Amino acid sequence: MFLDHIITKDNAFLEDYEDIKKHLVHKGGKIPHWYNFLKDNITINNQGRLIFDLDKPIIQNLTAPHPSIPPEDPNTLHHPKRSQQWVAFWAPHLSDIIYGKLLSTNHFPNCNPVSYMEHWIHKDLSASSLNSTPCSTPNIIVRCQGCAQHFSYYVGDLRPKCIIQVKHKELILFDTLSKKKREDLYPRLNIPIKDFQLLKYSHPHYRLLAFNDFLIQQGHNSTINFRPINPPSDDNSHNIISPIKKMLITKLFDDVKIIEDLLEISLTLSPFTNLEFFTDGSYEPTHTQEGFSMGYGWTTSNLTNVNITYNGSLKFFPSSTKAETMAILTALIVCPSFGKITINTDSQAAIDSFHKSKNLHSTSPRRYNKINNNILWSSIHYIIKELSLQVRFIKVKAHSGNAFNDIADIQAKLGRTQPIPTTILHDHLPHQNITLNWNEEIPLDKDVRKCIGTILNYRRLDNHLNHPSLNSIKEATKTHLIDWALSSKWFHYNGRNDTTSPLHSKDIKWKIRCSTLTLPTLDILNRNFPLIIKDRINCLLCDTCTESNVHLWECPQLYEKIRNCFVTMGNKLIDLLKLHADKLSLVITDSIKHSKTFRWAYRSEPIHPVALLFLKSYITNDLVGIFRPHINTMKSIITLLMPYMHTCSLLIKTEIWKTRNQLWKIQRDNWGLSKKNFTKYRELYTRSQRAIAAANRPLIINEHNSIHERGYINPFNDFRNFKLDKDFLFILFSSSNFLHSGAFFSHLENVSFSDNVLHNSFYNFIIYNV
């Protein structure tokens, strides 16, 4: 029984015992002593008004495991019987936990995932286990035979009599014991073995777990008093914060509340010279919970009366090591001067980084600035030096049952919910010779080249998708038709045995041209060689439309060839999955023939947009969805999918593109042209002739009145324009080559600057600050 069971919903009054008794299994007997005790000690009048406020419930546990969130998919993911997970969630309208078995999950594009589970209910055995405490009583759940929670519109297995719809992120996992444990259960139940489940832990345990997880989902934070009412003390000393300590805390941190908390903890710990900490960091990349993606926390472990805990959140460049490093920093800064400190951590990376950065700033400042989280490590070494600390690190095994390490882990996860992230003021640190700020906001405390390279790659990818000729790819990305993670792996995949094979180079060229819509169709040839093609750009097959990369795959004269290719590829996929399927092998044919990628080909319908993306060398979510119901792991899917894509790519190139190329060669001969006319275009025509042809070429003017050429120019390869861009200059000035560049700048001389670079001064770039 919990406090929320015996107080009113507004958290203001103690419930009357007659109302409490309605929810009890055994409703007989007189009013118990515990109720009279509570009424005498926590109420102030006969109406049961409480003497305390419960606006901030205490979160006692945050280690509840959650089922993984499936990727976005327009189709429902049905969990096979062997892999169905046991889940539970807290129902606030019932003030109780609800158990169940996971049946299926929907994670439609742009929607929150929703799951459906078979409802199981807790069976109370207290009457048959009179000698057992509530926590030692076996926790039995049985199938619900129907209740008000049933969701009537479920589409799927209808054998369960009660099905509940719930948000997927609200579910937690729990463990059930084996069939042998159920058979050995004493006293024996008058229920068939298959009709009940025996849970690993007690009902109160899971109820508390679900309730605390619900509080976290609602954004509640732990009400931790950093300084205990009766703090540990040393009779031989007085609690005084040294001026150096106060200066360190106020200079390193910018938030007033964080400074106050750390000063208060420092005052509590000031009498002690030997302190032991357990630190931990938490990183949640999926953002399934409220708060920040990083949290940190620590606890002391060698104080006699009570131990001190602390937690906080972090932002920018998230990683588990960064969170762990911040936990170490905040633990050290509250230590007294000349203290002997032991740090217990489960992060070997943090220990290695500490020793690596210990002397590197004096031997090689440039190498020091390439260390990840160098601002935090500079602060840590600065704190150790100013406070004259003796620090020793001990590696502990994660989740090994160590009570203090588990407390630190809980604190780190709680830290993610702290509303104000912890930031370090690094301007005064002696070892930080130079720190770059991105957009005057984000300090780059890692390898500048790699960091900026990642940011710029995202920027270039954005420019890539915003190109006018790739509008269809951008729209497909917005509607979640393309699996970009697997498409990227496919673009880098080598289907040849030799890494230096010329055939592999041709495969890469084909993928790039297909995906960027730059296959040499007549419209592109006319753009690049206007004096040769002379606007003769009608389709070689239908002779009614302009031949372009879009029209090529939609030409009615190629429909039968494309359809036959997809039928062949569908049959190959059926054979592949039948050979390697882990489950549901009997429905493989239906999975493929009813998918968006292949259904149109088997039914002779118009080509589906997903199939057009497949023709353009993109891996679609629909194609991956075919594999998911039959292959257990993503690693196995990738192992099968990449060779299959290579086979399909060669088939499309051979059956479709080469058919078009044969007609092109015939047309080229009819025009009296040869390959040399194209390779020696600049030699055959003077610059003035080419300039006149370029001037007469139709141009596209966008909404900003700037002129763009038709077609796509790869931004990653156009170094001639890129070298004068601010991005390039930023990398140049922030790299170590700036120190000894010399003639490296000579390529900038006698070259006119483009409009996006400031003309006379490099000091006005707002993109960086030193």
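The model shown is predicted, which means the values in this text are computed figures rather than measured ones.
Atoms CD1 and CG, on I407 and D409 in that order, are 11.0 Å from each other to the nearest 0.5 Å. For the atom pair CG of L252 and CD1 of I258, the computed distance is 12.0 Å after rounding to the nearest 0.5 Å. In this structure, T345 OG1 and N405 CG are separated by 8.0 Å, a value rounded to the nearest 0.5 Å. Taking CG of L275 as the start and CG of L389 as the end, the distance is 9.5 Å to the nearest 0.5 Å. In this structure, I164 CD1 and W120 CH2 are separated by 13.0 Å, a value rounded to the nearest 0.5 Å. In this structure, the separation between CD on E284 and NZ on K413 is 9.0 Å, given to the nearest 0.5 Å.
Using a 4.5 Å cut-off on side-chain heavy atoms (C-beta onward), D96 and F211 make no contact. Between H66 and L171 the shortest side-chain heavy-atom distance does not fall below 4.5 Å. By the 4.5 Å heavy-atom criterion applied to side chains, N106 and D73 are not counted as neighbours. In this structure the side chain of F253 reaches within 4.5 angstrom of the side chain of I424, judged on heavy atoms. Considering only heavy atoms from C-beta on, V166 stays 4.5 Å or farther from V114 through its side chain. The closest side-chain heavy-atom distance from H168 to I69 is below 4.5 Å. Between F89 and F214 the shortest side-chain heavy-atom distance does not fall below 4.5 Å. Contact annotation: the side chain of S313 never approaches that of M294 to less than 4.5 Å [non-hydrogen atoms, C-beta and beyond].
The shortest non-hydrogen separation linking L199 to L177 is O-CD1, 4.0 Å. Among all heavy-atom pairs drawn from Q165 and Y116, the shortest one is NE2-OH, 3.0 Å. Nearest heavy atoms, S636 versus I631: CB-CG2, 3.4 Å. Across N372 and W377, no two heavy atoms sit closer than the pair O-CD1, 3.6 Å. In terms of heavy atoms, K322 sits closest to F317 at CD-O, 3.6 Å. Residues T176 and Q197 share a closest heavy-atom pair of CB-OE1, 3.8 Å.
Formation of a donor-acceptor pair under 3.5 Å by the S353 side chain with backbone atoms of A350 is not found in this model. A distance-only check finds a donor-acceptor pair linking the side chain of D483 to the backbone of L486 [under 3.5 Å]. Side chain of S488 to main chain of W484: no donor-acceptor pair is present (N/O by atom type, distance under 3.5 Å, no hydrogens or angles). Not one N or O on the side chain of S95 forms a donor-acceptor pair closer than 3.5 Å with the backbone of A91. E324 places a side-chain N or O within 3.5 Å of a backbone atom of G281 that can act as its donor or acceptor partner.
In the model, T105 has a side-chain atom that pairs as donor or acceptor with a side-chain atom of H79 under 3.5 Å. A donor-acceptor contact under 3.5 angstrom links the side chains of H480 and E72, judged on distance only. Between the side chains of T299 and T309, no donor-acceptor pair is found at a separation under 3.5 Å. Side-chain atoms of R416 and S282 form a donor-acceptor pair, as typed in the model, at a separation below 3.5 Å.
The local environment of CG in D255 is crowded, with over 12 non-hydrogen atoms from other residues, nucleotides or ligands closer than 6.0 Å. Enclosure of atom NZ in K181 is not indicated, since only 12 or fewer non-hydrogen atoms of other residues, nucleotides or ligands lie within 6.0 angstrom.
Considering only residues two or more places apart in sequence or on other chains, Q85 meets the side-chain hydrogen bond (donor to acceptor under 3.5 Å, both in side chains) condition with none of them. In terms of the ring pair (Phe, Tyr, Trp, His ring centres under 6.0 Å) criterion, residue partners of F278 (sequence neighbours excluded) are, by chain and number, F404. With sequence neighbours excluded, the residues forming a ring pair (Phe, Tyr, Trp, His ring centres under 6.0 Å) with H122 are H203, listed by chain and number. Remark: N344 engages E276 in a side-chain hydrogen bond (donor to acceptor under 3.5 Å, both in side chains) (not counting sequence neighbours). With sequence neighbours excluded, the residues satisfying side-chain hydrogen bond (donor to acceptor under 3.5 Å, both in side chains) with D462 are N466.
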- request: Kindly determine whether L77 and S104 satisfy side chain to side chain contact (heavy atoms under 4.5 Å, CB included), including the steps that lead there.
  value: CA-CA 6 Å; L77 174 62; S104 62; over 6 Å; no
- request: May I have the step-by-step check of side chain to side chain contact (heavy atoms under 4.5 Å, CB included) for V391 and T342, ending in yes or no?
  value: CA-CA 6 Å; V391 181; T342 301; over 6 Å; no
query: What's the verdict on side chain to side chain contact (heavy atoms under 4.5 Å, CB included) for E386 and H381, showing C-alpha distance, side-chain angles and the deciding distance?
result: CA-CA 9 Å; E386 292 296 315; H381 295 303; over 6 Å; no
message: Would K169 and N112 count as a side chain to side chain contact (heavy atoms under 4.5 Å, CB included) here? Give the steps.
response: CA-CA 9 Å; K169 69 176 185 178; N112 291 324; 5.8 Å; no
Verdict with supporting geometry, Q411 and D280, side-chain hydrogen bond (donor to acceptor under 3.5 Å, both in side chains): CA-CA 8 Å; Q411 290 297 321; D280 200 4; over 6 Å; no
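Tested against L262 for a side chain to side chain contact (heavy atoms under 4.5 Å, CB included), the candidates L267, T250, I249, T422 yield a single pass: I249.
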N/O donor-acceptor pairs under 3.5 Å from side chains in residues 328-340, not counting sequence neighbours:
unit_1: T330; atom_1: OG1; unit_2: W298; atom_2: NE1; d: 3.1
unit_1: T330; atom_1: OG1; unit_2: M326; atom_2: O; d: 3.0
unit_1: T330; atom_1: OG1; unit_2: A327; atom_2: O; d: 3.1

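When ring centroids are compared, F174 and Y99 come within the 6.0 Å threshold.
Residues D352 and K356 are not paired through a salt bridge, judged by the lack of any N-O separation under 4.0 Å between the basic side chain and the carboxylate.
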